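Below, chains carry the letters A, B, ... as their sequence lines are ordered, and counting in each starts from 1. Here the structure is a predicted model, which is why all the values come from computation and not from measurement.
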There are 2 protein chains.
Amino acid sequence: MLAQLSKGECTVSDLAKPFRDEMSLPAVTKHLKVLEKAGLITKSKDAQYRPCKLNADGLKEAADWMQEYRMFWEESFDRLDDYLKTVVAAEKKEKTKKPKGKKKKHASRK
Amino acid sequence: MLAQLSKGECTVSDLAKPFRDEMSLPAVTKHLKVLEKAGLITKSKDAQYRPCKLNADGLKEAADWMQEYRMFWEESFDRLDDYLKTVVAAEKKEKTKKPKGKKKKHASRK
DNA sequence: CCTATACTTAACTTATTCGTTAATTAACTA
DNA sequence: TAGTTAATTAACGAATAAGTTAAGTATAGG
């Protein structure tokens, strides 16, 4: 729906059309209500129609917010990568050792 | 919990300890069950204890999966950025024009 | 054998998400 | 004015997430 709106203002039923067989109109109304509350879109009046458009300010806020987390996510990716590299390396080493070595006891649990 | 496990195998109660006042032990059991089902950890038996460890294969799969979506997310970020640039530009232009111009009618809705 | 410890299972609660159908409001139009 | 179209509201429901308490199982160890 946001993608649709990025091409220009349009009405509730226009936005609903692509989802005709997936959800009802009231469902769309509700969906739009959360987008509106979230400040991502605005609705206005034109006779029976409620033309919707993207809200630049809200989108900017959202983008800024995501931008913050983007780093966090990427760091997480990198940490996972690091972790996997060490694990995979450890496993390769494991395989070159004798396959039936002593089982390592875990640390004492008292 | 995954972070904890990345430092080495440990038991259910060890994993639960940092969350003592946030959730009960059964809650932890359940949480671990979903991590196990998701293939991110494995559990074994040692007397009453159930030592858990990270599952490298599962984590690798998860990382690969995320890697795929990473691009999608970043593209989305970029598209948002692009969109915002054009919108902000458009708004600046708007402000330099006479503030009380003709209201543009929306496209006919028949 | 008895009991404490580690953990699990069962049964239930509570809140939220995401939808539904039916009725309602508002405005256009023949 | 009567009917149609656009959208919303009301009332409800199913599914899921994420916990809770209380009871049960398995094992170690005095």
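Using a 4.0 Å cutoff on non-hydrogen atoms, the parts of residues 31-42 of chain A near DNA chain D are A:K33, ordered by number.
No more than 12 heavy atoms of other residues, nucleotides or ligands sit less than 6.0 Å from atom CD of B:E61.
With a 4.5 Å cut-off on side-chain heavy atoms, B:C10 and B:Q4 count as touching. By the 4.5 Å heavy-atom criterion applied to side chains, B:M1 and B:F19 are counted as neighbours. Counting only heavy atoms from C-beta outward, the side chains of B:V28 and B:M23 approach each other to under 4.5 Å. Side-chain contact between A:I41 and A:N55 is absent, with no heavy-atom pair separated by less than 4.5 Å.
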Report summary line: Contact string for nucleotides 23-30 of chain D, one letter per nucleotide 5' to 3', B = base within protein heavy-atom range under 4.0 Å, S = sugar-phosphate only, - = neither, reads ----BS--

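Atom CD in A:E36 sits 11.0 Å away from atom CZ in A:R50 (nearest 0.5 Å).
Applying the 4.0 Å criterion to OP1 and OP2 of C:dT8, one finds that B:T29 has a side-chain N or O inside that range.
Remark: B:D57 does not engage B:K60 in a salt bridge, criterion side-chain N to carboxylate O under 4.0 Å.
The side chain to side chain contact (heavy atoms under 4.5 Å, CB included) with A:L15 is formed by just one residue from the set A:L32, A:L2, A:T29; it is A:L32.
Between the CZ atom of B:R20 and the P atom of D:dT20 there is a distance of 13 Å, rounded to whole Å. Rounded to whole Å, atom C1' of D:dG13 lies 16 Å from atom CE of A:M23. When the P atom of C:dG19 is taken as reference, atom CG of A:L25 falls 13 Å away, rounded to whole Å. Whole-Å rounding puts the B:K30 NZ to C:dC12 P distance at 13 Å.
Proximity note for B:Y49 (side chain, C-beta onward) versus C:dT8, D:dT8, C:dA6: the nearest is C:dA6. Looking at the side chain of B:A27, the nearest of the listed nucleotides C:dT21, D:dT8, D:dG19 is D:dG19.
Note on B:W65 and B:L54: same hydrophobic cluster, where clusters join Ile, Leu, Val, Met, Phe, Trp and Tyr whose side-chain heavy atoms are under 4.5 Å apart, directly or indirectly.
Mapped onto DNA chain C by nearest heavy atom, B:V28 and A:E22 fall at different nucleotides, with B:V28 at the one closer to the 5' end.
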